[in-house]
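The next block holds one structure in the form of structure tokens; read it before the comments.
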Amino acid sequence: MRRIRWQVIVALLLAAAPLALAQPVQSNPRIGYTYPAGGKQGSSFEIVVGGQALDGVNEAHISGGGVRATIIEYVKPITQQQAVVFREKLVELEQKRIVAARPTGGKPSTAPAFTAEDEKQVAEIRKKLATFVRKPASPAIVETVTIQVVINPDAEPGQRELRLETPAGLTNPLVFCIGHLPEFSENSPKAAMSSTESQMTIPGVCNGRVMPGNVDRYRFKAVKGQRLVVAASARELIPYLADAVPGWFQATLALYDAKGNEVAYADHFRSMPDPVLYYEVPSDGEYRVEIRDALYRGREDFVYRVTIGEIPYITGIFPLGGTAGAGTTVELTGWNLPQAALKLDPTDKRLGNVPLTVRKDLFTSNAMPFAIDAAPDCLEHEPNNDQAGAQLVPFPMIVNGRIDHPGDVDVFRFEGRVGEVVIAEVYARRLNSPLDSVLKLTDAAGKQVALNDDTEDKGSGLNTHHADSFIRATLPATGAYYLHLADTQHKGGPEYAYRLRISRPHPDFELRVAPSSISVRGGSSSSFTVYALRKDGFAGEINLTLKNARGFTLSGAHVPTNTDQVRLTLTAPPGPHPEPISIAIEGRAAIAARDVVHIAVPAEDLMQAFAYHHLVPAKDLTVSVSGKGSNRGAPKVIETATLRIPAGGIARFHVTMPASTFLGKTALELSDPPDGISIRETNPTRDGIEIVLQCDAAKTKPGLKGNLIINTFLERTPPANAVKPKVNKRRIPSGTLPAMPFEVVTR
């Protein structure tokens, strides 16, 4: 009996991966790092992706063309209970080996033979035990997937997005870089576990990851006169770590000469966490770059890419923006640049931030954001350091200026009328300027009307120090007013550029949609969130539509008045679809007789350092459709109009259910409902369920609008002959109902 029991248990454990396909989804799949995080055109190599809930991973997707990714291996550490079972079985097998090998003195052995199958089982068990970690340092990256990547020689260079696909759906995206420079990695597969020293040639890219206390070193030969740029990408690859302080890998770079002298050091670059340094080589020799974490921390997801060579690097631009179609000439500062200015195409009418780069030989520089606006703009003119010398600015206007030196103050004068609402907004840190602005509005007598240092912009998800200033003020009298702009740390210089908007309110909005990966079964629904980033007092309703529907439908497709976010659902056509699909969501609103339309930017809601949340933009809104569902197999809400729920009362609506769900009892649960709204009861009907909602008047007031999301579950009761069931009922997720718009009304 004991041998049979062990055989059964081990067989079940070794077969755990395929059995996982039939289990209910427990959590959403996520990935936390990719190593290495990129490669060279025309190369083939393996990468390791770490994450969680990746059971049954079957596909790897890298956005853009010219790249193939193939899953090689998935490893999930075994549990402590599984480790105990495996160890006991290993002891049993080793005892069997010993007994089978004992000499018999020429007599026939009565002991069972140790077979090739036994040897195979020993190897499998040892491989499983090698994955056991009693207490993982970071459970979010404990599972690993090895992937073979093949990059075509003509693949477009730049940043891509890598996602994994599992039976539970798509993971979040991570940055994956494609370049044309030679790539170098740490010397061995285990090198990342200790400090390393590797040889490389320049120009090139170093790939590595830092473990606790480690310092990685790369040696290369340089010649006199070379103008070296050493640029690290660390936070750029993984913007935020949920379970680490300060919330990212804070890399440091140090450059040493042949004698071991430190000749350059950086732990950031201006306001950006990733360090960059520049060095003109004084003599031929071997040089060394060191990279480590500023606090000597480290982990598998402390991944980096360091580019070294005479590459072009833009350190600043001026102005930081221009008027659409104006053909602005932009001054460039930096290292190894092929030109000192860049003339923008006057036919380009795009609005928003566009990336500016320059090219030198085969090298493309880093990108700097350039703001394009429909409003007129002008240049700041010195001297304008006080009210007496204030620069008169027409109203409205965007001023392009600089805080030229430490302690500099730029003052601007405009004429206003009593009761007029004025907006003054600085764009600097959001455009990669190191300026930490402070903005003050005074009247002609010097009396302060308004003051602001920092204002958070939720659309700027990569900024952790929101250093740009914003003022909205109602003018108390007609006359001259003055805006005083300075750096709050009393710093300054040519790189301390800004754009200052002075205008009346211009109501507008932006949209973010999260997550950027949506997984849904064919014919069924999945929920996600749209965030409305309202500007200059706009509070109206925003209607949402799919741009390239492809058979998909949105439910609850509007952001109500005075609401900053709403959850809605996407219903897929009958599936499955063989490849993930990119879709787009458009928002439209009527604002002061204008029809304003914006495309929602895909984003990830990332946690930083256990507490802070940021909406980090992604490139694509990607949908994975799985399963063989059909529209007949999905629950449907009969009512299509807004459900009116009386405050302190009840409301009823009807949901049809496919016949297959009646194999067990259907349970319903509101997903993150507004406080005070709950399901009071459910009543079976001939073809579905009647849902009765109740509203607590003490918690929810009339006027509240939004969407209700309801998840469905099948509750299965174990058979009467089950031996000591662990739970009385088994709850299996079975779907999500299309979002139901609601409004709380007076009873």
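This is a predicted model, so every value here is computed, not measured.
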| request: State whether a side-chain donor-acceptor pair under 3.5 Å links Arg305 with Asn207. | output: yes

| task | Answer yes if the side chains of Gln387 and Thr442 hold a donor-acceptor pair under 3.5 Å, and no otherwise. | result | yes

| field | salt_bridge(Arg417, Glu415) N-O dist < 4.0 Å | value | no

| field | Lys/Arg N to Asp/Glu carboxylate O, Glu161 vs Lys619, below 4.0 Å | value | no

| Can you find a heavy atom in the side chain of Pro173 that is under 4.5 Å from one in the side chain of Arg163? | yes

| task | Using a 4.5 Å cut-off on heavy atoms from C-beta on, say whether the side chain of Asn432 contacts that of Pro369. | result | yes

| field | Pair Arg299 + Asp301, salt bridge at N-O below 4.0 Å | value | yes

| In terms of the angle between their ring planes, are Phe395 and Phe414 parallel, tilted or perpendicular, with boundaries placed at 30° and 60°? | parallel

| said: A quick test of your reading: do over 12 heavy atoms of other residues, nucleotides or ligands sit less than 6.0 Å from NE2 of His490? | reply: no

| Are His613 and Asp605 close enough that a side-chain donor and a side-chain acceptor fall under 3.5 Å? | yes

| task | Measure the spacing between OH of Tyr304 and CG of Asp293 and express it to the nearest 0.5 Å. | result | 12.5 Å

| Charged N to carboxylate O below 4.0 Å: is that the case for Arg512 and Glu510? | yes

| Regarding Ser469 and Ser437, is there a side-chain donor-to-acceptor distance under 3.5 Å anywhere? | yes

| said: Does this structure show an ion pair linking Asp457 with Arg430, if we count only N-O contacts that are shorter than 4.0 Å? | reply: yes

| What orientation do Tyr240 and His614 show, parallel under 30°, tilted 30 to 60°, or perpendicular over 60°? | parallel

| query | Do Asp468 and Tyr498 get their side chains close enough for a donor-acceptor pair, meaning under 3.5 Å? | reply | no

| message | Quick one about Gln489 and Asp436 (side-chain donor to acceptor, distance below 3.5 Å, no hydrogens or angles considered), yes or no? | response | yes

| query | So do the side chains of Ile372 and Val354 get within less than 4.5 Å of each other, counting heavy atoms only? | reply | yes

| said: Less than 4.0 angstrom from a charged side-chain N to a carboxylate O is my criterion; do Asp487 and Lys491 meet it? | reply: no

| Charged N to carboxylate O below 4.0 Å: is that the case for Glu331 and Arg402? | yes

| request: Search all heavy atoms of Asp404 against all heavy atoms of Glu382 and return the closest pair with its distance. | output: OD2-OE2, 2.9 Å

| Are any of the side-chain heavy atoms of Phe610 and Val245 separated by less than 4.5 Å? | yes

| task | Please determine if Arg227 forms a cation-pi arrangement with Tyr278, meaning its NZ or CZ atom is less than 6.0 Å from the six-membered ring centre and no more than 45° off the ring axis. | result | no

| said: Can you confirm whether Leu546 sits close enough to Ile583 that some side-chain heavy atom of one is under 4.5 Å from a side-chain heavy atom of the other? | reply: yes

| said: Closer than 4.0 angstrom, basic N to acidic O: yes or no for Arg499 and Glu380? | reply: no

